[in-house]
J.: 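Following this message is one structure expressed as structure tokens.
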2 protein chains.
Amino acid sequence: MHKDDAEQSGDLTLRRSRGRPRAFDRTAALDAATTLFWTNGYEATSISDLTEAMGIGAKSLYAAFGSKDALFTEALHHYVRKYGGLAWDRAREAPTAREAASAFLYDSAAALSGSVCDMPRGCMATIASLGCEGLAAVGEFAASIETTFQRLEARLKKGVDDGDLPPSVDVAQLARFVETVQSGMSVKARNGADRAELEGVAKVAMAGWDGIVRAANAEG
Amino acid sequence: MHKDDAEQSGDLTLRRSRGRPRAFDRTAALDAATTLFWTNGYEATSISDLTEAMGIGAKSLYAAFGSKDALFTEALHHYVRKYGGLAWDRAREAPTAREAASAFLYDSAAALSGSVCDMPRGCMATIASLGCEGLAAVGEFAASIETTFQRLEARLKKGVDDGDLPPSVDVAQLARFVETVQSGMSVKARNGADRAELEGVAKVAMAGWDGIVRAANAEG
DNA sequence: AGATTTATACAGCGTTCGATGCACAAAGAT
DNA sequence: ATCTTTGTGCATCGAACGCTGTATAAATCT
């Protein structure tokens, strides 16, 4: 689809193309664009803002990324690749579904409040899904990645298989709940909530966990 | 501040001003603008979109509302006045804090999914707080109304006073949790979640309630 | 070395943005 | 009846938008 499918990385490793070489680091430029989109949203970020932050001219931007839409799509994927681990690394290694959910929510609290490293607040994907509904890029993006809900649902299913979660639990509903709490954290982080506040939310959510599982047991 | 402080309503009740009377219903126009901002967000809504939906000319819009920012602020207040009851009416009359929280979450699920009446999905205020960070109107608005958090916190405090909630409960933290769940619902609603899904989230949240309260009791 | 290919810098394209100036219409005030 | 005040319709304003045409610079290919 793209004419520059060949170049996987900004580095000048092997596979030099013919003409004049690019004078800027493509990955670094994408990094800058991602941060800008993440901070200000799609509509509020202009090409001028982007070229300034990326340190390149408009013509180079279009040559390297195609269009504002395409750049935004690439920025979204770059975001997930680069920052997704902040919420998932510990959760993936947790032995039980409960510990996975707890790790996911606490680590999300830390990441979304910008406490882990220097980064904008809130989840870029969540913000994009709200602010840019008309944009085709967002729909394509959502369809192209494994969503938070799918990951959570899969992990909870594994919990049922492993026996640390009773089969009476509605894993889809529970996954939806955890995802909703994280989305809400994203909103609160964007509105200034600090790490302690978000961890308080995670704590309350997890304090209810056993009751939730028990309720499902009594029902089913 | 505004030159048209005198006119409280669009109706031609008493208090006619001097010049030519307005040819359109101000409240109906504000209604149309609110729906449009709610649906598309601030940035994605142009003056042309507004004038078309409101059925008036640009000059009349500026004469009646001042500017796009001022119109948006007024639309936000109009939204809270008109739709706030959907989430709060039943909760306000609930006898206990628990029933109030449950009513708030279930009624939010119904309203946010657009199931109560014909209206856009998600909470306009939540969406505005995310999409329009640079906008002065949003900050002023947030400072000028009693927020969801403040209402929830006050209701939970009353629950402690009434004795249906133990004093060991951190009401601020619990209020923050409920507010976060509602914000998350708003995001999910915006992304297509239907009423049943959102009610599932409310159900899971409330299934954990007693465990949350009990955990606070054991801790404090 | 010469030809080809690609990137860069600069200026500017057509469009849309939020907001206004102007002439006229319709009401109250005198 | 006339003056004053205000709303409306139309035509635009300057600025910013996303994007591109042109000329030049820097690399590879033959």
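Throughout, protein chains are lettered first and strands after them, A, B, ... in sequence-line order, and every chain is numbered starting at 1.
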J.: Start with the C-alpha gap between Y83(A) and W38(A), add the side-chain angles, then the distance that decides, and say whether ring-ring contact (aromatic ring centres under 6.0 Å, His included) holds.
T.: CA-CA 12 Å; Y83(A) 299 100; W38(A) 187 358; 4.9 Å; yes
J.: Drop me the distance from F141(A)'s CZ to Y79(A)'s OH, to the nearest 0.5 angstrom.
T.: 8.5 Å
J.: Choose from dC29(D), dA27(D), dA26(C) the nucleotide whose nearest atom is closest to any side-chain atom of P21(B).
T.: dA26(C)
J.: Would you sort out whether S108(A) and Q182(A) count as a side-chain hydrogen bond (donor to acceptor under 3.5 Å, both in side chains), showing the intermediate values?
T.: CA-CA 7 Å; S108(A) 290; Q182(A) 195 213 26; 3.0 Å; yes
J.: Can L50(B) and L61(B) be said to form a side-chain contact (heavy atoms from CB on, under 4.5 Å), step by step?
T.: CA-CA 9 Å; L50(B) 287 165; L61(B) 188 156; 4.0 Å; yes
J.: Do the side-chain N or O atoms of S60(B) get closer than 4.0 angstrom to the phosphate oxygens (OP1, OP2) of dT8(D)?
T.: yes
J.: Hey, which sits more toward the 5' end of DNA chain C by its nearest nucleotide, G55(A) or G19(B)?
T.: G55(A)
J.: Just so I know, are the side chains of K82(A) and T34(A) near enough to count as touching, which here means a heavy-atom distance under 4.5 Å?
T.: no
J.: Given side-chain hydrogen bond (donor to acceptor under 3.5 Å, both in side chains), test D194(B) with S113(B) step by step and report yes or no.
T.: CA-CA 6 Å; D194(B) 61 19; S113(B) 58; over 6 Å; no
J.: Distance under 6.0 Å and angle within 45° of the ring axis: does K68(B) meet both against F37(B)?
T.: no
J.: Hey, what are the protein-to-nucleotides 23-25 of chain D N/O distances that come in under 3.5 Å?
T.:
unit_1, atom_1, unit_2, atom_2, d
dA25(D), N3, R20(A), NH1, 3.1

J.: Return a single string for nucleotides 15-20 of chain C, one symbol per nucleotide in 5' to 3' order, where B is base contact, S is sugar-phosphate-only contact and - is none, cutoff 4.0 angstrom on heavy atoms.
T.: --SSBB
J.: Could you walk me through whether D49(B) and S46(B) pass the side-chain hydrogen bond (donor to acceptor under 3.5 Å, both in side chains) test, one step at a time?
T.: CA-CA 5 Å; D49(B) 296 334; S46(B) 72; 3.2 Å; yes
